[in-house]
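See structure below.
Reminder, nothing fancy here: chain letters follow the sequence lines and each chain counts from 1. Heavy-atom basis, side chains included; hydrogens, waters and symmetry copies ignored.
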Amino acid sequence: MSVSELEHPPVAATPPAAVEDLSPRGGRSRAGVAWRTYRGRVLRILVPALLIALWQASSALGWADEFTLPPPSRILDAYGELWSNGDLQAALPTSLQRAGIGLALGVTIGLALGLFAGLWKIGEEVFDAPLQMLRTIPFIAVVPLFITWFGIGETPKLTLIAAATVFPMYLNTYHGVRGVDKKVIEAGQTFGLTGWRLATRVILPTALPAALTGLRYAAGVSLLALVLAEQINALEGIGYLVNNANQNQRPDIVIAGIGIYALLGIVVDVLMRLAEHFALPWRPRVTIG
Amino acid sequence: MSVSELEHPPVAATPPAAVEDLSPRGGRSRAGVAWRTYRGRVLRILVPALLIALWQASSALGWADEFTLPPPSRILDAYGELWSNGDLQAALPTSLQRAGIGLALGVTIGLALGLFAGLWKIGEEVFDAPLQMLRTIPFIAVVPLFITWFGIGETPKLTLIAAATVFPMYLNTYHGVRGVDKKVIEAGQTFGLTGWRLATRVILPTALPAALTGLRYAAGVSLLALVLAEQINALEGIGYLVNNANQNQRPDIVIAGIGIYALLGIVVDVLMRLAEHFALPWRPRVTIG
Amino acid sequence: MSPSAEAVVDIRGVRRVFGDRAVLNGVDLRLHQGDVVALLGPSGTGKTTLLRILAGLDAADDGRVLVPKARSVVFQEPRLVPARRVWRNVVLGSRHVRRDRSRAVRALTEVGLASHQNAWPVTLSGGEAQRVALARALATEPGLLLLDEPFAALDALTRIRMHDLVAELIGRHNPAVLLVTHDVDEAILLADRILILDGGTIGVDVTVDIEKPRQRTDGRFAELRALLLGRLGVGQATAAAP
Amino acid sequence: MSPSAEAVVDIRGVRRVFGDRAVLNGVDLRLHQGDVVALLGPSGTGKTTLLRILAGLDAADDGRVLVPKARSVVFQEPRLVPARRVWRNVVLGSRHVRRDRSRAVRALTEVGLASHQNAWPVTLSGGEAQRVALARALATEPGLLLLDEPFAALDALTRIRMHDLVAELIGRHNPAVLLVTHDVDEAILLADRILILDGGTIGVDVTVDIEKPRQRTDGRFAELRALLLGRLGVGQATAAAP
Amino acid sequence: GSEADASGNNSKETTLTFGFQTADYPALLEESGLFEDLPYKLETPVIAGPAAQISALYSQATDVGLVGENTAAFEAANAADDWNTTGPKVFTIAGFTAKNAPYPAPSLFVKKSANIQKLADLRGKSIAYNFGGNIYAGYVKVLANAGLTVNDIKPVQLPDNQAAAAAFSAGQVDAVVTGYAQIKRVVDSGEAVRLATNEDLGVDGGAGFITRPDVLDDPAKLAAVRDFFGRFSRFYREWYPANEAAVEKVLQSVLKQTPEVSKINWENGAKGRLYRVGDSAFIERQQKIVDAAFAAGGVKHQRDIKAVFNPIVDKESVPQ
Ligand SMILES: Nc1ncnc2c1ncn2[C@@H]1O[C@H](COP(=O)(O)OP(=O)(O)OP(=O)(O)O)[C@@H](O)[C@H]1O
Ligand SMILES: Nc1ncnc2c1ncn2[C@@H]1O[C@H](COP(=O)(O)OP(=O)(O)OP(=O)(O)O)[C@@H](O)[C@H]1O
Ligand SMILES: [Mg+2]
Ligand SMILES: [Mg+2]
């Protein structure tokens with residue numbers, strides 16, 4: 001068998017059943033890479049776009065009436081209205097600030113407690129039970145209690161958001177810490193790392209993926225908590241907009257509000273993906289297909 | 001230096017500064033083990049008990065008045081009242097059944113989507129965006145839509161609970177799958193595992209800790225969602241009890257209801273710990289102190 | 001090597017670049033059924049990278065790669081699934097895991113670990129884990145067997161047993177074998193052909209024509225060892241002397 | 001061994017039981033400053049277990065364990081922190097990581113990996129990771145150095161360089177060293193004393209009194225090798241012949 | 001406010017915190033210009049929901065709160081102690097209703113297809129309502145007037161007015177207690193009809209204003225409260241009916257109501273007046289509602305609730 005035979009194999013175009021061709025395929029492969037990259041971006045936008053098209057169609061075809069599920073076109077008008085009134089411009093910064101401060105508080109506490117409970121048995125013994133209790137509090141039912149305890153200023157709003165975000169952060173951090181490879185921890189201990197330095201140099205970086213999952217979840221929760229928080233003496237904010245529209249028979253604004261939520265959710269998600277990208281450069285990304 | 005010298009060292013009782021004695025210490029150690037085991041159980045009960053004592057004291061000392069924070073004794077009366085009315089006996093089975101069915105639905109979907117999105121890039125591209133949008137929907141604002149679509153029977157309640165539990169399950173499963181050691185996945189692939197079998201034999205078992213975290217979280221969410229779900233045409237259930245008490249300015253019953261939630265939360269937690277214990281026997285448990 | 005038979009592994013001009021470093025830079029290799037080829041080379045020279053490409057776990061950046069469909073790999077690390085018991089790890093790829101339990105136990109018996117069949121991977125010693133990985137590879141019927149330093153964590157006696165085991169498997173299924181090792185003696189004992197990978201290409205390709213069983217005392221053995229160690233940069237005086 | 005000095009490692013009657021199997025069943029061992037002791041033994045015999053007890057990572061079930069406070073370990077696996085770059089892994093335990101970067105780079109240069117200082121552990125080859133682990137251990141000033149098959153994944157040339165490096169460190173800080181290895185030649189080349197662990201106790205304890213540098217050609221070398229291989233169950237004819 | 005000026009010289013330092021449930025009130029009060037140059041400081045936080053209002057009041061975050069006309073009476077009937085002996089913890093001091101409103105609320109609407117001609121026909125039918133406030137009062141009076149108990153019908157309790165209206169509009173229930181604005185669509189299309197108005201049911205509808213005893217005991221605060229209700233009365237009598245465009249603009253811009261809905265609301269509101277809570281006929285109607293609620297299981301005790309209606313500002317609310 002000569003080299004030229006191998007390079008232009010007469011029959012090898014159809015290799016015997018037991019043989020597999022793993023050669024990189026020049027032209028196709030470059031197109032393939034490009035396709036895979038763009039397919040991702042396209043699908044991420046296409047799927048929601050298709051859902052919206054379906055929704056508009058369902059209105060046009062009369063599957064849902066205007067009142068219960070206004071068509072996307074009506075939602076666009078609602079955005080126009082909110083924008084020209086200046087409601088949107090006022091709501092976003094206010095709400096984002098509230099969500100941000102509440103989230104920062106909740107995440108800090110959740111992270112600290114999660115680390116503590118994850119690292120030290122006594123931490124778990126002390127904090128786990130109270131936190132398990134905290135997370136089952138139905139916040140919707142305790143809004144009046146929050147008013148009683150924290151008044152009607154910003155405090156109850158921020159407390160509520162913070163309280164709602166502590167748990168997801170705690171739980172994921174805790175499990176992340178517990179999931180760190182025992183062998184690597186031992187290595188750190190052997191080289192004299194204990195306590196805080198062991199946590200910051202070995203455990204926290206390695207548990208970061210889990211902590212980021214918690215943060216991602218908590219960020220979503222902080223937005224959701226706005227709806228409750230902004231029932232308390234708020235005159236602007238996305239949660240307030242949604243509540244108000246709900247009480248005034250404006251399903252289009254309710255859905256517009258949900259749209260803002262969804263958008264913020266996606267923004268949060270993109271930010272978290274970026275954060276993960278930068279915070280976890282060491283982590284190989286795998287999928288099986 | 002003779003052997004006897006070593007066994008009863010004259011000076012070695014205080015070893016030189018640079019030397020460390022790692023010998024197991026008979027009597028003390030056995031007591032130590034027992035102490036550590038029981039400390040855990042004791043602290044887990046003691047801490048909540050202390051909180052309750054503090055709470056009762058704060059009422060007795062007049063730090064909090066009856067309305068802002070009814071003392072534990074009042075809460076006990078509230079339980080008595082709920083029990084003698086038969087409310088509690090009716091509420092628990094109804095609510096647990098609702099939460100259970102909704103959770104089962106939501107967890108199944110969340111697990112399937114999480115695996116799908118974790119395993120295949122295309123799964124992530126198709127499902128991630130819609131799910132990120134789903135999770136930011138403030139359900140409180142879409143109750144009218146739920147009623148229009150799903151009526152006023154059990155369907156909207158179960159749908160709501162399921163919808164609320166899909167996301168935590170999805171997110172944790174997804175991250176768990178993505179976090180499985182690439183090297184082990186490759187080993188599975190090399191030995192001919194693909195698709196479903198790769199998922200069930202390698203990825204799912206290894207991602208189980210994360211999936212269980214999701215389940216633990218989702219279980220809590222399913223209880224919380226009861227409060228919303230049971231606003232819709234429910235005449236019994238814990239969520240209904242809490243709502244009803246909230247509307248009737250009965251902070252004692254609201255807190256009694258939260259107590260039930262907390263208890264259920266702890267029951268869920270104990271069950272999940274048992275599940276983790278049995279599902280993850282291969283996992284070394286580490287803490288740093 | 002049987003020149004009449006068709007090559008089952010046929011790679012040409014394989015390149016693999018990490019960052020701006022071409023770890024493999026035009027590697028050609030043909031293996032026939034039954035060939036046992038040892039691959040030597042300094043640490044970090046690309047041996048594992050080449051094996052990964054042959055295993056289909058990594059794609060070459062350039063070149064041509066034809067390999068048998070059925071491949072088995074013993075990785076440089078054990079790579080056991082931590083969540084499955086030892087015996088299940090052995091029949092990881094099997095279609096009927098429970099039915100194949102006896103096969104798993106047989107393979108474990110061969111590597112001397114029958115008593116550990118129900119253990120969790122995390123409780124195994126380094127050498128035990130490596131032997132489980134070996135049992136896993138040997139329990140299959142591959143057309144190509146890729147071994148990445150499979151005996152590194154084994155003591156001398158166990159190592160000899162494993163050599164025999166691998167030889168037996170080769171006799172039974174006649175796969176092509178590529179064995180990465182750092183032990184020159186091991187290479188000479190086991191292989192028909194020895195390659196040295198260095199600087200991104202295969203620099204040395206010698207056929208071992210000492211009849212088996214080979215003896216370290218054999219003059220040709222010592223000669224070949226000296227040659228290979230020389231090419232690996234080890235001076236005679238320091239280590240290569242018999 | 002300097003009998004006049006106080007032992008820095010002093011363990012007596014150490015037992016360690018897993019399930020119902022006593023992996024260590026009464027191990028006694030004394031090491032003095034500057035002692036270099038090699039530990040041989042079949043796979044799964046408890047060598048790593050003993051090292052873990054000496055490192056303070058596992059507790060004996062019974063017995064007496066006195067060890068220096070400052071210990072360094074090269075584990076059987078590299079055990080690098082995946083989330084930290086290579087150079088940070090080298091100065092993992094350091095109080096002032098940034099200030100110690102130059103120390104890290106020096107240690108990496110010694111193991112030939114200065115160019116990988118900014119790499120992530122996951123991109124290293126098996127031998128590279130092992131060398132980083134070695135650099136990490138050698139960058140400290142331990143009273144006791146525990147090496148668990150530290151050269152298993154290294155090619156012959158790199159292995160010789162690493163031998164030299166370890167010898168140099170021993171000369172500099174004079175720690176007690178316990179080296180687990182499966183390579184009898186390596187044990188004879190490096191150690192003052194060679195132990196064989198088997199059946200839960202130390203069965204063989206021989207002092208190597210061949211003056212350094214030792215030559216494989218030396219008759220006493222071959223004799224000792226034959227003795228040890230015999231005790232490890234390897235017949236002369238098969239592998240022990242020089 | 002000349003009368004307020006006389007009552008205290010340092011009353012500028014008094015702050016009256018008046019909790020509303022919706023944001024249109026603060027905007028309308030400002031728009032009317034009637035609440036400028038007050039001799040005290042007026043704060044108008046917006047706190048949604050009666051439960052939150054009462055919490056805010058009890059915790060002294062507010063001095064006066066807007067709730068339903070019967071909210072305080074229900075509180076009294078739910079309280080562990082009888083307020084007739086212990087003294088009320090909250091008082092209703094004023095109320096607001098729209099008599100002869102073109103679209104009276106709460107009203108009972110029924111599906112035409114459900115074949116309900118009179119209240120008694122509700123037997124076995126499903127009725128949607130939400131707990132608390134006028135809707136609930138309407139619901140329990142429907143039952144009382146029909147001579148039915150909760151066991152004779154299929155009660156469907158929903159979280160709020162919107163949800164109840166949605167259930168009715170979607171055909172999930174036979175009847176609903178709500179306002180016209182919420183179910184305009186099905187009424188206009190002829191699918192549903194109104195069977196009874198609030199007047200038929202003996203429910204005044206509208207709002208109630210509650211406060212704590214200690215607010216009334218504080219002379220400066222009381223003066224501020226009196227002043228406020230004097231102006232508020234004028235606001236409804238004079239300003240609101242005369243300023244349709246301004247009101248609808250506020251409802252549309254602040255509450256995001258559609259022009260149609262805001263017009264309905266203005267037409268109702270233009271008939272709105274404060275009434276005297278000391279009026280014995282009114283108190284009797286309230287007692288009937290509480291009794292009916294007790295029969296329906298909505299409150300825990302059957303109590304005489306007279307004591308919670310405190311006529312202390314009736315003079316200002318309804319000037320002769
Ligand atoms: N945590 C554990 N639970 C149960 N068995 C264990 C555990 N750790 C180790 N063993 C067992 O103890 C024995 C000794 O293990 P060890 O790791 O000390 O062996 P070793 O001498 O280092 O072997 P190798 O040369 O293969 O590394 C092995 O049979 C192993 O399976
Ligand atoms: N994913 C990667 N990214 C960057 N560099 C990599 C990656 N994988 C491997 N390398 C580099 O490629 C080189 C070859 O690695 P490879 O694992 O093939 O070496 P090897 O010959 O198997 O060495 P050893 O004998 O030490 O196992 C190494 O220098 C390694 O650092
Ligand atoms: Mg390698
Ligand atoms: Mg070992």
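Residues Tyr40(E) and Phe228(E) keep their aromatic ring centres 6.0 Å or farther apart.
For NZ of Lys300(E), the number of neighbouring non-hydrogen atoms (other residues, nucleotides, ligands) closer than 6.0 Å is greater than 12.
Taking Phe91(E) as the reference, nothing meets the ring pair (Phe, Tyr, Trp, His ring centres under 6.0 Å) condition, with sequence neighbours excluded. Scored by the side chain to side chain donor-acceptor pair (under 3.5 Å) test, Ser189(E) finds Glu191(E) as partners (sequence neighbours excluded). Listed by chain and residue number, nothing satisfies the ring pair (Phe, Tyr, Trp, His ring centres under 6.0 Å) test with Phe168(E) (two or more places apart in sequence, or in another chain).
In this structure, no portion of Ala166(E) lies under 4.5 Å from any heavy atom of chain A. Using a 4.5 Å cut-off between heavy atoms, Phe146(A) makes no contact with chain E at all. Heavy atoms of Asn161(E) lying under 4.5 Å from chain A are absent altogether. Contact annotation for Gln182(E): both backbone and side-chain heavy atoms come within less than 4.5 Å of a heavy atom of chain A.
Ranked by heavy-atom pairs under 4.5 Å with chain E, the list Ile147(A), Val143(A), Asn233(A), Ile232(A) is led by Asn233(A).
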Passes side chain to side chain contact (heavy atoms under 4.5 Å, CB included), Tyr240(E) versus Leu28(E)? Steps please. CA-CA 9 Å; Tyr240(E) 197 103; Leu28(E) 287 170; 4.2 Å; yes
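Inspection of non-hydrogen atoms places Glu81(A), Leu82(A), Asn85(A), Asp87(A) of residues 77-88 of chain A under 4.5 Å from chain E.
Counting only N and O atoms by type, the side chains of Tyr170(A) and Asp128(A) include a donor and acceptor under 3.5 Å apart.
With a 4.5 Å cut-off on side-chain heavy atoms, Val308(E) and Val90(E) do not count as touching.
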